[in-house]
*Asks:* 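First the structure, which I've put down as structure tokens, then a few questions once you've had a look.
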Amino acid sequence: MTLVKSIKPSTQRRLLVGFFTLLLLIVFWQTRLWSTEAAYDELSQNNMNELFRFSSSLRAVLQKYESVPHHLSINPELSQFLGDKSNPVKIDSINRYLETINRINRSSDIYILDAIGNTVAASNWESPTSFIGKNFSFRPYFTQAMQGQNARYYALGTTSNQRGYYFSSPISDDDDILGVVVLKISLADIEERWASPWESNNIELIVTDPDNVIFISTRAEWRLKSLFKIPPMQMAPLKASKRYGVHIPQSLDATKNGKAPSIVGNQASLLTINIDNNKPAQFLSQNIDMPMIGWRVHALSKTDTIQETVNRALLVVISIYLVLVLIILFVIERIRNEHKLQQAKDFLEVRVKERTADLEQSNYRLRDEIDERHKAEEALKQTQEELIQAAKMAVLGQISAGINHELNQPLTAIRSYAQNAQQFLQRGNVETASSNLAEIIGLTDHMTSIVGQLKVFSRKRGDTLTPVDVLASLNDAIKIMSPQIKQQHVDIVIQSPDSTLTVMGDLVRLEQVFINLLSNAIQAMSHSEIKRVSINLEAINEHIIIQIEDTGPGIAQDNIKHIFEPFFTTKDISQGLGLGLSISHRIIEAMHGTLKVSNGASGGAVFSITLPHYTPLQDNNERLTTPQEQPFE
């Protein structure tokens, strides 16, 4: 403790700064290390998901065609044909039979080889590139089948020059092998089936043979190229097998950069490959083997996003660290000030004891000052309470002004209905008067619902949203506004492709919004020659869009950005307080929607409401709640 006190404050500050700087470097380094490993693990997991998905699909495609040659080979018509393969009638029949089987199986080609490897029948017998007459005795699938085995083989077709996978089966008569039936499928068709998933992410999928030649690839420019440079000793037997015809596989010159950093210890490695005008790109590479067909499936993901992920993690961690450091510094400074205050207090007590009678008089004066301070504190506390009360009253005044704005239209309608009812009673038309009184009762219930919303603006709450018929709510609002609509000679045009448009919301609040927007539109068109409000309702995807357009002068461009602010208005005070649009904006947001404004092509204002579309297919247990609403600041 003595040692700490002996250190100068400036030295303490330097030590503290040095400590926090060192700690920041440690946190930065550790966060960078952890986030890098986590990002690589996530990328690796995505790779493995794509690998298993693709290899399973590829295996399923190959298994689909594997048994077809065997089933064909046991057809007695094929063995009879090979016993009399010079008969033109049988040749034509077998060709058409193979053509039909090939079309049903959606394979590339099916053909029959005799005992010396000559093609004597083929599904492509009418094609300019027909296999008939070609000799394929050099292919391993022929030699293995002639030994009585079912065979597989993949190669570049010598006639079609297309990549294919071959299945073969021997055609025998008792113990004698008369020929071979071969089925070929196009690997390009497999790539087409996988075109959409590959385009939806940044993962490149390739399939290589034991010589590292890329046989299938999501990037067309990589096909029939080797992942790494093939040694000359390995290239010689590759050329001799004619697996790739006269094509000599060129190397992508991929460079291994070691294993990727990992938290869970995945076996991913880093490769650098030149792409897009020889621009080097780094990939996270993982692979799985398909031993039955001698292939290896690779998934390559660009690591460009790794640094972005790391930067985001560093930003979050450093921000949290700086906040914590500021809190610690604040606490340290407060403790230091309290310590200084305690020292001053101790010193004052010692001085008081050493004072003489003259200091006692000073003591009395000090007590008087303390009393004055207490009085000042009491006055300050009272003033604070008055300010708090004034603030509450100001908020209440804002809300009351908004409620007054919302009740203005129903009250006007009640007055009109009451006057009409009085006249109908005088005329003895009791039925119509009763109908008007029923409308008045409905409006008073509606006003009660509006007044009940007062607590929304004074405290937080979460209301359960229910399905609301948009057209019903709109018609109710038009009914309330009908006196003004008739008085101002306004045409209301509603266009809706569907009579049952339902949203999740609050019926009364949505009606308030429609009333506000219709009232504003009517006031805006007070000096217009044509007074028309066009309301268009349509369902787009999962939303209902309601557009309300008037034929007024529109809204000045400078005012559009302020239009939803509380108490902002361009009208006289007698026409409103500028709260209607602000309240409407809040209501639509509470229903998980948006309210926007713009000027239409004809010059009038266009208010667009977007709300989530409710359908009966939605989960019955799903409950949407409004976010907590805050009072106006």
Side-chain angles (χ1 to χ4, degrees), residues 402-403 406 409-410 442-443 445-457 459-482 492-521 533-550 563-564 580-598 600 605-630:
I403 295 300
E406 298 301 330
Q409 298 301 331
L443 288 172
D445 291 340
H446 175 66
M447 291 167 60
T448 302
S449 300
I450 293 176
V451 174
Q453 304 301 324
L454 184 61
K455 57 185 177 181
V456 172
F457 300 99
R459 66 180 179 86
K460 300 176 181 179
R461 76 172 191 176
D463 292 338
T464 301
L465 302 181
T466 58
V468 175
D469 189 332
V470 177
L471 280 173
S473 179
L474 179 59
N475 289 329
D476 288 343
I478 293 174
K479 186 180 297 182
I480 294 174
M481 293 297 298
S482 60
I492 304 295
V493 180
I494 301 177
Q495 293 183 349
S496 175
D498 194 344
S499 61
T500 57
L501 296 177
T502 308
V503 299
M504 292 299 292
D506 184 287
L507 179 62
V508 175
R509 292 184 180 180
L510 185 58
E511 191 173 310
Q512 287 179 248
V513 173
F514 289 145
I515 291 173
N516 287 339
L517 297 180
L518 288 173
S519 177
N520 287 343
V533 177
S534 301
I535 305 174
N536 183 40
L537 294 84
E538 59 180 334
I540 299 179
N541 296 331
E542 298 179 356
H543 292 87
I544 300 296
I545 298 177
I546 308 153
Q547 288 189 332
I548 301 177
E549 181 177 0
D550 59 54
I563 199 71
F564 296 116
L581 289 179
S582 176
I583 293 172
S584 299
H585 192 267
R586 282 288 188 89
I587 290 174
I588 295 301
E589 283 187 341
M591 296 181 189
H592 309 288
T594 60
L595 174 59
K596 298 180 180 180
V597 64
S598 62
V606 180
F607 286 86
S608 298
I609 301 173
T610 303
L611 290 170
H613 190 187
Y614 170 81
T615 60
L617 298 180
Q618 293 177 347
D619 184 7
N620 292 330
N621 296 324
E622 180 182 2
R623 297 185 64 83
L624 299 176
T625 57
T626 58
Q628 293 180 340
E629 299 186 12
Q630 304 292 341

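As a basis for the values below, the full set of heavy atoms in this structure was taken, side chains included, without hydrogen atoms, waters or symmetry mates.
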*Asks:* Rounded to the nearest 0.5 Å, what separates atom CD in Gln547 from atom OG1 in Thr610?
*Replies:* 8.5 Å
*Asks:* Can you name the one residue among Leu611, Thr502, Leu510, Asp506 that meets side chain to side chain contact (heavy atoms under 4.5 Å, CB included) with Val468?
*Replies:* Leu510
*Asks:* To the nearest 0.5 Å, what is the distance between CG on Asp469 and CG on Leu501?
*Replies:* 7.5 Å
*Asks:* Nearest 0.5 Å please: distance from the CD1 atom of Ile588 over to the CD1 atom of Ile546.
*Replies:* 7.0 Å
*Asks:* Kindly give the heavy-atom pair with the smallest separation between Ala477 and Ile515, and that separation in Å.
*Replies:* CB-CG1, 3.7 Å
*Asks:* With rounding to the nearest 0.5 angstrom, report the CD to CD1 distance, Glu511 to Ile478.
*Replies:* 10.5 Å
*Asks:* Is any side-chain heavy atom of Ile494 closer than 4.5 Å to one of Leu537?
*Replies:* yes
*Asks:* Do the non-hydrogen side-chain atoms of Phe514 and Asp476 ever get within less than 4.5 Å of each other?
*Replies:* no
*Asks:* So, do Leu517 and Ile609 sit near enough that their side-chain heavy atoms are less than 4.5 Å apart?
*Replies:* yes
*Asks:* Has Asn541 got a side-chain atom pairing as donor or acceptor with His543's backbone, closer than 3.5 angstrom?
*Replies:* no
*Asks:* I need the Met504 CE to Ile544 CD1 distance, nearest 0.5 Å.
*Replies:* 13.0 Å
*Asks:* Taking side chain as C-beta onward, heavy atoms only, is Leu518 less than 4.5 Å from Ile535?
*Replies:* yes
*Asks:* Once rounded to the nearest 0.5 Å, what's the spacing between atom CG of Leu474 and atom OG of Ser496?
*Replies:* 9.5 Å
*Asks:* Would you check if the side chain of Asp550 reaches a backbone N or O of Ala605 as a donor-acceptor pair within less than 3.5 Å?
*Replies:* yes
*Asks:* Which atom pair, heavy atoms only, marks the closest approach of Gly600 to Glu549?
*Replies:* CA-OE2, 3.9 Å
*Asks:* Is any side-chain heavy atom of Arg509 less than 4.5 Å from a side-chain heavy atom of Met591?
*Replies:* yes
